[in-house]
2 protein chains.
Amino acid sequence: MPYKERDIEKQYFTIGEVAAQFNVAPSLIRFWETEFEELRPRKSKKGNRLYTPQDVDIFRTIYHLVKERGYTIPGARDMLKQKGPQLKEKIDVIQSLEKVRKFMVTMKKELDAIGKAQQG
Amino acid sequence: MPYKERDIEKQYFTIGEVAAQFNVAPSLIRFWETEFEELRPRKSKKGNRLYTPQDVDIFRTIYHLVKERGYTIPGARDMLKQKGPQLKEKIDVIQSLEKVRKFMVTMKKELDAIGKAQQG
DNA sequence: ATGTCGCGCTCTTTGTAGGGCATGGGGGCA
DNA sequence: TGCCCCCATGCCCTACAAAGAGCGCGACAT
């Protein structure tokens, strides 16, 4: 199976895809691009932004700092410059713990449901 | 020496004294009082705010989060609720390290001065 | 002693610059 | 037709600062 141009290209996400993934407006991503020099994706000949998974990781880190932790943009910028790499690791851990938590919550619900069924 | 009313009262700082200590406007301290329930000092009969050293510690923590770390006020509020006590310890460490740093900088300057004097 | 003047500090209420985006116009590519 | 581009402008809060008014206390005269 001969690979096509598309298959190579598709290592990238469009701005719309990234926006959908985080449930934010594309305008926010463009705005942050002006604020964080770390978030400057490659662009296609046409001018469209091409986000690699690494770019998405950077975006995720910024999102975490600004939207979940409550940093100002300058605050997040400083934090990113100082602890960019370490931060990514931490956020990965947080996210996997979040998944575990969700799993346990649904487990609890099911167990509760069983308990009530037997009781009532 | 019989103590007087004044001596008891003087365990407190006025808003102006606290403001001077951190080099901020009193209006900022009053504003933060509306934003952080932890920062609600006692008031005199007249209505003036009376800050205990503990109140000042709380203010210092908020100051650290908002002005040095770059948290938004909601972000600082969350952080304070979760990690208030541990945070104080950390900030104490940071502050003593800051003092050490200043000391070393002045030492370096003096050493440089000596070096140049001998050289030139 | 006692009025009272003024100064510094405080109070509460109101005003406001700018941070953090969203929206709209004009246009290109598939 | 739908998603993207760039720019300019709009706009709503956030995070305070300024304004206006009221004590209290030392000084100085009475």
Heavy-atom closest contact ([X] atom, [Y] atom, distance):
X	Y	answer
A/Val18	A/Val56	CG2-CG2, 4.2 Å
A/Leu50	A/Ser44	CD1-N, 3.6 Å
B/Gln82	B/Gln86	O-NE2, 4.4 Å
B/Ala19	B/Ala25	CB-C, 4.3 Å
B/Ala76	B/Val66	CB-CG2, 3.8 Å

> Near DNA chain C, which residues from residues 70-82 of chain A have a heavy atom under 4.0 Å away?
Replying inline: A/Thr72, A/Ile73
> Which ones in residues 18-30 of chain B lie close to DNA chain C, meaning a heavy atom under 4.0 Å from one of its atoms?
Replying inline: B/Arg30
> Can you tell if the side chain of B/Glu17 reaches within under 4.5 Å of the side chain of B/Tyr12, non-hydrogen atoms only?
Replying inline: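 The answer is no, as the side chains (C-beta and beyond) never meet within the 4.5 Å cut-off.
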> Quick one: stems for DNA chain D, with Watson-Crick or G-U pairs under 3.5 Å, at least three in a row?
Replying inline: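 So the stems come out as C:1-30 with D:1-30.
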>> What contact category does A/Lys45 fall into here, base, sugar-phosphate, or nothing, at under 4.0 angstrom with non-hydrogen atoms?
In response: nothing
>> Going by side-chain contact (heavy atoms from CB on, under 4.5 Å), B/Ile62 matches just one of B/Asp57, B/Ile73, B/Leu80. Which one?
In response: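 Of all the options given, the one that passes is B/Leu80.
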> side-chain contact (heavy atoms from CB on, under 4.5 Å) with A/Tyr71: which of A/Glu68, A/Lys67, A/Arg69?
Replying inline: A/Arg69
>> Under 4.0 Å from a heavy atom of chain B: give me the 5'-most and 3'-most nucleotides of DNA chain D that qualify.
In response: D/dA15 to D/dG24
>> Please identify the 5'-most and 3'-most nucleotides of DNA chain C with any atom under 4.0 angstrom from a heavy atom of chain B.
In response: C/dT10 to C/dT12
> Want to settle it: does A/Tyr51 or B/Trp32 sit nearer the 5' end of DNA chain D, counting the closest nucleotide to each?
Replying inline: A/Tyr51
> CD1/A/Ile58 to CZ/A/Arg40 distance, rounded to the nearest 0.5 angstrom?
Replying inline: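 Answer rounded to 0.5 Å: 11.0 Å.
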> Roughly how far, to the nearest 0.5 Å, is the CD atom of B/Gln21 from the CZ atom of B/Arg60?
Replying inline: 6.5 Å
>> Quick check on DNA chain C: between A/Val66 and A/Lys46, whose nearest nucleotide comes earlier from the 5' end?
In response: A/Val66
Listed pairs under 3.5 Å, donor-acceptor, residues 26-36 of chain A side chains, sequence neighbours left out:
| unit_1 | atom_1 | unit_2 | atom_2 | d |
| --- | --- | --- | --- | --- |
| A/Glu33 | OE1 | A/Arg49 | NE | 2.7 |
| A/Thr34 | OG1 | A/Phe31 | O | 2.6 |
| A/Glu35 | OE1 | A/Arg77 | NH1 | 3.3 |

>> Go through it in stages, so that I can follow the logic: the residues are A/Phe59 and A/Val24, the test is side-chain contact (heavy atoms from CB on, under 4.5 Å), and I'd like the CA-CA distance, side-chain angles, deciding distance and then a yes or no.
In response: CA-CA 11 Å; A/Phe59 182 84; A/Val24 299; 4.2 Å; yes
